[in-house]
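Written below as structure tokens is the structure these notes are about.
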Amino acid sequence: PEHLKIKQIKVVPNVVQVMIPPPKHGDKPLTLTTTPVYLNTVEEENRVFCKIIAPPSLQPVTRPWQEVEVIVDIAPIDK
């Protein structure tokens, strides 16, 4: 919302162990994404559980993929 600003976004856990094939020269760093967090509906501190989205070449060390908690801390915009 227009009258609010994001103070902090925290992801728990912020590290996930994965099994990957050996990297090849020139490979980009691997990243994981989550299902979306829709910020337009956040009016106060909010905790959202998201699923991890990863390419098939990445596999979790512990199965199945764990969910991550996204904590969105917001505040009013100072005028």
- Query: Where do S57 and I20 land on the side chain to side chain contact (heavy atoms under 4.5 Å, CB included) test, with the steps shown first?
  - Reply: CA-CA 6 Å; S57 60; I20 60 172; over 6 Å; no
- Message: What I'd like to find out is whether the side chain of L58 reaches to under 4.5 Å of the side chain of L32, using heavy atoms alone.
- Response: yes
- Query: CD1 of I6 to CG of L39: how many Å apart, nearest 0.5 Å?
  - Reply: 4.5 Å
- Minimal heavy-atom distance between F49 and E69, with the atoms involved, is CE2-CB, 3.8 Å
- Do you know the tightest heavy-atom contact between I71 and R47? CD1-NH1, 3.3 Å
- Heavy atoms of other groups near E44 CD, more than 12 under 6.0 Å: no
- Message: Please report the interatomic distance NZ(K51) to CD(E67), rounded to the nearest 0.5 Å.
- Response: 4.5 Å
- Note on the structure: Value for NZ (K5) from CD1 (I77), rounded to nearest 0.5 Å, stands at 7.5 Å
- Over all heavy atoms of both residues, which pair between V61 and M19 is shortest? Give the atoms and the distance, please. CG2-CG, 4.1 Å
- Task: Please answer whether the main-chain N or O of V11 pairs with a side-chain N or O of N14 as donor and acceptor at a distance below 3.5 Å.
- Result: no
- Mind listing the closest non-hydrogen atom pair of W65 and V18 along with its distance? CH2-CG1, 3.4 Å
- Note on the structure: Closest non-hydrogen atoms of D73 and E45, given as atom of the first, atom of the second and distance, are OD1-OE1, 4.0 Å
- Side chains of I74 and V42: closer than 4.5 Å at any heavy-atom pair? yes
- Do I52 and V16 have side-chain heavy atoms sitting under 4.5 Å apart? yes
